Amino acid sequence: MGVVSVAEEKVTVSVIKADVGGFPGHSEVHPDLLEACEGVLEDAVDEVIIDYYVTRCGDDIDLIMTHARGEDDEKVHELAWNAFQEATKVAEDLKLYGAGQDLLSDAFSGNVRGLGPGAAEMELVERPSEPIIVFCCDKTEPSAFNLPLFRIFADPNNTAGLVLDPSMHNGFEFEVHDVIDQKKVVLKCPEEMYDLLALIGQTQRYAIKRVYKKGDEDEAERIAAVTSTERLNLIAGEYVGKDDPVAIVRCQSGFPAVGEVLEPFTFPHLVAGWMRGSHNGPLMPVSEEEAHPTRFDGPPRIIALGFQLRNGELVGPQDLFADPAFDRAREIANEVADYIRRHGPFQPHLLSEEELEYTTLPDVLKKLEDRFEDLEE
Ligand code: F6R
Ligand code: MG
Ligand code: MG
């Protein structure tokens, strides 16, 4: 493993993800694809990256990489692109489902953004001890993180540190993206909490991109959380797969404790995604082992991997939802799945017309065009 030589040098954690083929269907990644990615990343240690860990959630491969090159670095993005291309070759060879589906372009052009893969990247000044959690989801969308990130960084009912820890008591800033109009705004909590909630409750449009601790320090010291907010379907102009998101959260010593960061996931909140990317369903926290959506292609899943950074090296992971403390959340998620599934093709299980990723509605309306009559009133 390569190691950053100067202690105060900034380290970047880049989590870049893509679905380049499922096994079977859209349920999981074949181990040979993970191996192909590991081979590519291993060859880049010391050249481009310091360390890496390859995982998957459902049919998405998640490349967790550390380096000293900053966010949006061409070499790091190219490396991820090459790993996904190698994995695609294996997926094609095995005739896996949807081989190469998230690689929307034939050629790499400087940055994976806009080419299909999703990315969450965090440049940070590594503290004397730097605990981080990487979250990876399948069968849902980036704004699935809105509710938990709000609870973690703004809700004293969740995070005792907001009340008790003097270094968190001033609160946090939330960078919110309008993923449709491609705009952003920064809102401060607690003072602008109601404005923040007015936006992020609208999950089809607004997604929390970053959270910062308030203060005058460099952003690399204040950064607390980052998510991937790419909307694949908006990029491609048509439905080409769900934008299954990832996030990185810093913990402890002035940031929420590991247990405060995990606490919101005891409530399996409803998120958009699931079957055909067109249904609301509970987000079930699971171990890496259990991160393969089955029932009705779900329910949507999330894994949480804990690491300690050691001069850029990834010490870990610890599989944080592989714990009986989350059994109850999984039970609730199954109960909610039973309940909401009984709605069949009706809202609110089914998403609204604009959010549906598969629809026959235009065809049905066209077919019935001549049979629609004006109401008498
Ligand atoms: C949702 C998802 C799956 C597929 C479904 C149909 O994000 O990936 O639920 O939408 O399995 O897939 P196709 O149309 O490929 O047969
Ligand atoms: Mg897929
Ligand atoms: Mg997926």
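All ligand and atom numbering here is 1-based and tracks the order in the structure. In this text the structure is predicted, and so the values were computed from the model without any measurement.
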Three-point angle Asp244:OD2, the Mg ion (ligand 3), Asp138:OD1, rounded to the nearest 10°: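 With the Mg ion (ligand 3) as the vertex, OD2 (Asp244) and OD1 (Asp138) sit 90° apart.
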
Looking at [Y] and [X], is any side-chain nitrogen of the basic one under 4.0 Å from a carboxylate oxygen of the acidic one?
X	Y	answer
Glu130	Arg127	yes
Lys214	Glu173	no
Arg205	Asp181	yes
Glu263	Arg151	no
Glu219	Arg210	no

List the residues meeting side-chain contact (heavy atoms from CB on, under 4.5 Å) with Lys184, not counting sequence neighbours, and say none if there are none.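 Result, side-chain contact (heavy atoms from CB on, under 4.5 Å) vs Lys184: Glu175, His177.
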
Numbered atoms of ligand 1 (with element) below 4.0 Å of [X], judged on heavy atoms:
X	value
Met275	9 (O)
Gly277	1 (C), 7 (O)
Asp297	3 (C), 4 (C), 5 (C), 9 (O), 11 (O)

Donor-acceptor side-chain pairing of Tyr52 and Glu42 below 3.5 angstrom: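 Side chains of Tyr52 and Glu42: pair found under 3.5 Å.
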
Run through Asp60, Asp243, Asp138, Asp62 and flag the one making a salt bridge (Lys or Arg N to Asp or Glu O under 4.0 Å) with Lys17. Asp60

His26 and ligand 1 - part of the residue with a heavy-atom distance under 4.0 Å: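 The answer is the side chain of His26.
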
Part of Tyr97 with heavy atoms under 4.0 Å of ligand 1, whether side chain, backbone, both or neither: side chain

More than 12 heavy atoms of other residues, nucleotides or ligands under 6.0 Å from CD of Glu191: yes or no? yes

In the protein, N/O/S atoms that are found under 2.8 Å from the Mg ion (ligand 2), waters not counted: Asp19 OD2, His26 ND1, Asp59 OD2

